[in-house]
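Shown next, in structure tokens, is the structure this report addresses.
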Amino acid sequence: MSVEMDKSYNPASVEDRIYNLWINGGWFHSEPDDNKEPFVVMMPLPNVTGILHTGHALNNGIQDLVIRFQRMRGKNAMWMPGEDHAGIATQIVVDRDLYEKEGKSRFDIGREAFSKRVWEWKEKHGDIIINQLKKLGVSCDWDRFTFTMDENYQVAVREAFCHYFEKGYIYKGNRVINWCPYCQTAISDIEVEHEDSAGHLWHIKYPFKDGSDDGVVIATTRPETMLGDTAVAVNPSDERYKHLKGKTVFLPVACKEIPVIEDDYVDLEFGTGVVKITPAHDPNDFEVGTRHELPMPIIMGPDGKLNKKVPERYQGLTMLEARKKIVDELEEKGLLVKIEDHKHAVGHHDKCKTRVEPLLSKQWFMRMDELVKPAIQVVKDKKVQFIPERWSKVYFDWMENIQDWCLSRQSWWGHRIPIYYCDDCDEIFVSRDEPSACPKCGSKSIRQEEDSLDTWFSSALWPFATLGWPEKTKDLEYYHPGNVLITGYDIIFYWVARMIFSSLEFMGDIPFKYAYMTGLIRDEQGRKMSKSLKNAINPMEVIDKFGTDAMRFTLMFLSTQGGQDIKLGETVLTEGRNFINKLWNASRFTLMNLEDMKPGKPENLQFIDKWILSKLGETVKAVTDAFEEYDIAKGARAIYDFFWTDFCDWYIELSKMPIMNGGEEKTRTQQVLYLCLDTILKILHPIAPYVTEEIWQKLPHKTGDTIMIADWPNHVDFVFDEEATSEMVKVQSAIRAIRNLKAKLRIHQGIIGCKFNAPKETVELLNREKQQIEKQARVEGFEFAENQPDGSVTAVSTDMKFYLDVAGKIDIAEELKRIETSKNKTEAELQKIEKLLGNEGFVKSAPPAVVEKNKVKMEELKSELENLRELSDTLSN
RNA sequence: GGGCGGAUAGUUCAGCGGUAGAACGCUUGCCUUACACGCAAGAAGUCACAGGUUCGAAUCCUGUUUCGCCCACCA
């Protein structure tokens, strides 16, 4: 019988099979259990319209790592998955689909039909991202999968809205909001992306009256809005414009007279010191307009085109078309004084990238002042902790300067606002269910608000709405609050902050203890991934090419605790792939040599065994601590270093001889190998779940059905053996020296630096190296004496005497040069350490261990230097 | 205009008070019966700059330069 494993790891043949094994085992599922401590992670909701990007791969990878780690540590791990209806984002996608297939817009088919279409779309495409997520190997509790439009979830949303309304936090306000002409809806401030663009500052003369040459010059970046001007303003303290007080000016193009008003808002330094006031199309102007009770004509329709309030020749033009026409016209009339270049930020809707227009409009708002207070406090008190800590500053800055939240969207896909209007008595009321009559006058003539809620209103309830809230469920009691939220820092405002105040409001508790902010993933040059640059990496393609584990390992390896952005590309992914393959092959070697193993605890440990087990213990501790502290990369690095360098390069290589020797030695080595492999698989499982499971399933003496729920190793089970460790250091340097062709020369001269009394095992190890060098040396034409004294226990150098003939093959001049550089280097190092040790402060205040170490090092350097001198003397003779 | 982060080997990054580290790439050998997605040996760094604190600074402080983010109603 032999172990059947391919020469290299083939993820495609493993991943789906293993995932099904886990699903069928039901190990992802969690139920409340008072005897076990829960560990809860709430998944950041992917959008129904979404396709998986590398950001998902990163934060779901970390979430899965944390969940698998805690599950193995014996916690009742529950990871809540779900999907967001994603209001406007989805509406845009379906709207486009409708247009492409039937040439219609949503307005052509109406709310009912459109809504039906979105549901159909969701049924058809909603699973795409979920299936992609599964390819990542995520171990979330699919039985609990929640969609933010599920019936239960709708109940929660209505409850929350009614609660806020009844508390007086929700109000209808007439304000200048951000309007997206493409989506034809209001959006909130944070949904506007500002892009600096090279614009102009137009200086325009408003004459005192029709025909007059004289007038005031205003400066504006948006001349088209002058059609909605109802005043011009100057600062009351501005001496230049004292004479304007009480006058009116003539508004060119629109042909009407508007007053000159005084307001502190006007900046004396900027532009001409005179500002045109367009109350319906600029938030500041609106405030000025309110103070001075100015008329506020709205000149733009929902589609972003000028409406009937403007002269006929402008009606139906878009704002930008109107701008051009107005500027032309002003120029013709000689009213355009000058045009300056001016850089300013232009707002765009983050979903559809359309330029947003400020618009006076009636919308529903949520008062934030009260809600924000406790939400700030819990972060101040470290009840909720950001990782890395610096993000809490971003959180505070936003929360402390927060504006009321514009909740309503003129969208047909989402939670319809549960506000009702009575046609008979004008009563406005909320209702938790479908009301049949007005509670005040009993009229049946009532209608529901047409608008929907901002999608983030429902996501804000995620940490408890998924657990059955507003019902008082066992789940809610057991799982809330959660432990950690893992997400990109780009949604701190959208989601993290809103979950915090929502949980505090409805649950009286924080939603999670830690908010771990991942970096953003960029391309190899550090650029943002974008469609236009065509530099986006599709995780599905990465999985096809490198395998899920390789991708996950790469991402974890790069995701440092500082939350730096991550540069991802072929090079690093290849490294991850190589590591996984190395694991596969080390396991293949181990398993091939384990077939006749007697199970049991290894006995009669030799220094090499003690050494690898010491290292293993250290690694287990380092990894456990790192994962507990959410320092993922540190953990990944610890495993990588131990596994590749210590385990593969040294232990496996050195294990070949005792295995060949057979007998007790062999059994012992097999048992140590087994112990190491088993432990490595376990601590690597949270990072690379598929390979580790696949290999673990092949272990001859495993207990249990899956590595997923195997016990996490405990470092105290591995004793740290200092003597073995220092012996190993010596052996390693001896072997390295022997391996080196130049070292052969030193051996020949009898001045090798690694003379020591070695135990039998060490000498054997060295002999093995000797054989290899012999072979290589023969290839290079060296001669040897054949009969060597055997079993020498003392000096390696004596043992290597047969290299005598090497001398003639060495380029003496070249070698002398090398020795000279080497000597200089050693000398410099020596001086450095001498200086350090000569430093009184160092001896007094440095840790004694450090001083000792340096003393030892100095001795070593001294003897090395001496050897070099001796060697160069011999050579030059 | 405010705030945040980075600047360490050719490249990507770790280290964050005690003698400069890893991976990739590069050079030189090797298909050594787990792995060429591999093995061994090697070259490679004024730790951006200038001051300061300290016995000692890549590491702490203060400036400067530079790259990148985020926030902000100066028309």
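Values in this document were obtained by computation on a predicted structure and should not be read as measured data.
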From C-beta outward on [X], which listed nucleotide comes closest to its side chain: [options]?
{"X": "Trp644(A)", "options": "rA34(B), rG38(B), rG18(B)", "value": "rG38(B)"}
{"X": "Cys648(A)", "options": "rA75(B), rA34(B), rC39(B)", "value": "rA34(B)"}
{"X": "Arg390(A)", "options": "rG5(B), rC69(B), rG56(B)", "value": "rG5(B)"}

If I pick the [atom1] atom on [M] and the same atom on [N], what distance separates them, to the nearest angstrom?
{"N": "rG17(B)", "M": "rA75(B)", "atom1": "P", "value": "45 Å"}
{"N": "rG56(B)", "M": "rA14(B)", "atom1": "P", "value": "29 Å"}
{"N": "rA44(B)", "M": "rC4(B)", "atom1": "C1'", "value": "34 Å"}
{"N": "rC16(B)", "M": "rG6(B)", "atom1": "C1'", "value": "14 Å"}
{"N": "rC55(B)", "M": "rC71(B)", "atom1": "P", "value": "46 Å"}
{"N": "rU46(B)", "M": "rU11(B)", "atom1": "P", "value": "13 Å"}
{"N": "rA40(B)", "M": "rG52(B)", "atom1": "P", "value": "47 Å"}
{"N": "rA48(B)", "M": "rG38(B)", "atom1": "P", "value": "32 Å"}

Students often get this wrong, so: under 4.0 angstrom with heavy atoms, is [X] touching a base, only sugar-phosphate, or nothing?
{"X": "Gly273(A)", "result": "base"}
{"X": "Thr221(A)", "result": "sugar-phosphate"}
{"X": "Val266(A)", "result": "base"}
{"X": "Leu836(A)", "result": "nothing"}

* **Pair listing, salt bridge (charged side-chain N to carboxylate O under 4.0 Å, His left out) test, anchored in residues 564-574 of chain A, at least two apart** => Arg522(A)-Asp565(A), Lys545(A)-Glu570(A)
* Selection residues 277-287 of chain A - residue pairs positive for salt bridge (charged side-chain N to carboxylate O under 4.0 Å, His left out), sequence neighbours left out -> Arg222(A)-Asp282(A)
My understanding is that only residues two or more places apart in sequence, or in another chain, count here; which of them pass salt bridge (charged side-chain N to carboxylate O under 4.0 Å, His left out) with [X]?
{"X": "Lys666(A)", "result": "Asp596(A)"}
{"X": "Glu224(A)", "result": "Arg323(A)"}
{"X": "Asp238(A)", "result": "Arg240(A)"}
{"X": "Lys615(A)", "result": "none"}

* Asked: How does each nucleotide of nucleotides 6-16 of chain B score, in 5' to 3' order, for protein heavy atoms under 4.0 Å: base (B), sugar-phosphate only (S), or none (-)?
  -> ------SSS--
In whole angstrom, what separates [X]'s [atom1] from [N]'s [atom2]?
{"X": "Ile659(A)", "N": "rA34(B)", "atom1": "CD1", "atom2": "P", "result": "10 Å"}
{"X": "Ile652(A)", "N": "rG38(B)", "atom1": "CD1", "atom2": "C1'", "result": "13 Å"}
{"X": "Asp649(A)", "N": "rA22(B)", "atom1": "CG", "atom2": "P", "result": "13 Å"}
{"X": "Trp584(A)", "N": "rG38(B)", "atom1": "CH2", "atom2": "C1'", "result": "17 Å"}
{"X": "Asn10(A)", "N": "rC37(B)", "atom1": "CG", "atom2": "C1'", "result": "13 Å"}
{"X": "Phe557(A)", "N": "rG21(B)", "atom1": "CZ", "atom2": "C1'", "result": "12 Å"}
{"X": "Glu653(A)", "N": "rC30(B)", "atom1": "CD", "atom2": "C1'", "result": "13 Å"}
{"X": "Tyr395(A)", "N": "rC70(B)", "atom1": "OH", "atom2": "C1'", "result": "18 Å"}

* Asked: How would you list, by chain and number, every residue that makes a ring-ring contact (aromatic ring centres under 6.0 Å, His included) with Tyr690(A), sequence neighbours excluded?
  -> Trp22(A)
* Output all residues satisfying ring-ring contact (aromatic ring centres under 6.0 Å, His included) with Phe842(A), sequence neighbours left out; order by chain, then residue number. => none
With a 3.5 Å distance limit and no angle check, can you tell me whether [X] reaches the backbone of [Y] through a side-chain donor-acceptor pair?
{"X": "Asn235(A)", "Y": "Val266(A)", "answer": "yes"}
{"X": "Asp549(A)", "Y": "Val691(A)", "answer": "yes"}
{"X": "Asn401(A)", "Y": "Asp397(A)", "answer": "yes"}
{"X": "Asn10(A)", "Y": "Asp6(A)", "answer": "no"}
{"X": "Tyr651(A)", "Y": "Leu673(A)", "answer": "no"}

* All stems with RNA chain B, defined as three or more consecutive Watson-Crick or G-U pairs under 3.5 Å -> B:1-7 with B:65-71, B:10-13 with B:21-24, B:26-30 with B:38-42, B:48-52 with B:60-64
Below 3.5 Å between N/O atoms, which protein atoms pair up with nucleotides 72-74 of chain B? Just atom names and distances, please.
unit_1, atom_1, unit_2, atom_2, d
rC73(B), O2', Asn284(A), ND2, 3.0
rC73(B), N1, Asn284(A), OD1, 3.4
rC73(B), O2, Asn284(A), OD1, 2.6
rC73(B), O2, Asn284(A), ND2, 3.0
rC74(B), O2, Asp267(A), OD2, 2.5
rC74(B), N3, Asp267(A), OD2, 2.8

* Structure fact -> Between Lys393(A) and Ala219(A), whichever has its closest RNA chain B nucleotide further toward 5' is Lys393(A)
* Where each residue is assigned the nucleotide of RNA chain B containing its nearest heavy atom, which of Glu840(A) and Thr590(A) is assigned the position nearer the 5′ end? -> Thr590(A)
* Could you tell me whether rU46(B) is syn or anti, where syn means a glycosidic angle within 90 degrees of zero? => syn
* Aromatic plane relationship, Tyr489(A) with Trp391(A) - under 30° parallel, 30 to 60° tilted, over 60° perpendicular -> parallel
* According to the interplanar angle, ranging from 0 to 90°, do the rings of Phe557(A) and Tyr640(A) count as parallel (below 30°), tilted (30 to 60°) or perpendicular (above 60°)? -> tilted
* Apply the test salt bridge (charged side-chain N to carboxylate O under 4.0 Å, His left out) to residues Glu575(A) and Arg577(A): give CA-CA distance (whole Å), side-chain angles for both, the deciding distance (0.1 Å), then the verdict. => CA-CA 5 Å; Glu575(A) 285 170 39; Arg577(A) 193 266 320 264; over 6 Å; no
* To do: Give me the residues of residues 574-583 of chain A where at least one heavy atom lies under 4.0 Å from an atom of RNA chain B, by number, or none.
  => Glu575(A), Arg577(A), Asn578(A), Asn581(A), Lys582(A)
